[in-house]
Amino acid sequence: MHSMKTYLKALSTFCLFFGLLSQPMFGQQLQQDNSRPDEAAKIQVDQLSQSLNLDGSQQRALFRALVSESTRSGQSPQVLVNKANNDQNQAFTQTLKSILTPEQFRKWKNPDKK
């Protein structure tokens, strides 16, 4: 009986150690290919926040909308934003319009116009 406890303790220690070693590698792999909607949405929010000067509540609303729509549609947040910008996804364009101010929306649709 005693050897069984020792075996289980050693096995659980090994599993914990292996799990800790593999965790960072797995996390980096997901970040690099942006396959998770929340990681990809964060990147999109960061990019739009820099170009449009979004406030905190806009960033949170945009993040939630991107993750929700990406999960529902199976499309990446980047594809969603591009399609909305090219008027290929009217529903998501309206969602963005409700989050952004009119000036931010114009700047997002026509970044070259001042």
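- Under the rule for a side-chain hydrogen bond (donor to acceptor under 3.5 Å, both in side chains), Lys97 has no partner lying at least two apart in sequence or in another chain.
- Taking CG from Leu48 and NZ from Lys107, the interatomic distance works out to 11.0 Å, rounded to the nearest 0.5 Å.
- Scanning both residues, Val67 and Ala41, for their nearest heavy atoms gives CG2-CB, 3.7 Å.
- Sorted by first then second residue, the side-chain hydrogen bond (donor to acceptor under 3.5 Å, both in side chains) pairs that include residues 46-55, not counting sequence neighbours, are Lys42-Asp46, Gln44-Gln47, Ser49-Gln59, Asp55-Ser57.
- With Gln75 contributing its side chain and Ser70 its backbone, the two residues share no donor-acceptor pair below 3.5 Å.
- Residue Lys109 qualifies as enclosed at atom NZ: its count of foreign heavy atoms under 6.0 Å is above 12.
- The side-chain heavy atoms of Leu62 and Leu96, taken from C-beta on, include a pair separated by under 4.5 Å.
- Rounding to the nearest 0.5 angstrom, the gap separating the CG atom in Leu66 from the CD1 atom in Ile43 is 11.5 Å.
- For Glu103, the CD atom sits in a loose shell: 12 or fewer heavy atoms of surrounding residues, nucleotides or ligands are nearer than 6.0 Å.
- Residues in residues 57-67 take part in no salt bridge (Lys or Arg N to Asp or Glu O under 4.0 Å) pair, two or more places apart or across chains.
- In this structure a side-chain-to-backbone donor-acceptor pair under 3.5 Å is present from Thr93 to Ala84.
- Atom OG of Ser76 and atom CD of Glu39 lie 13.5 Å apart (nearest 0.5 Å).
- With hydrogens and angles disregarded, no donor-acceptor distance shorter than 3.5 Å links the side chain of Ser68 to the backbone of Ala65.
- Here the closest non-hydrogen pair linking Asp38 and Phe63 is O-CE1, 3.3 Å.
- The two residues Leu54 and Gln104 make their nearest non-hydrogen contact at CD2-NE2, 3.7 Å.
- In this structure a side-chain-to-backbone donor-acceptor pair under 3.5 Å is missing from Gln94 to Ala91.
- Between the Asn85 side chain and the Val81 main chain, no donor and acceptor come within less than 3.5 Å of each other.
- Rounding to the nearest 0.5 Å places CZ of Phe92 at 5.5 Å from CG of Leu80.
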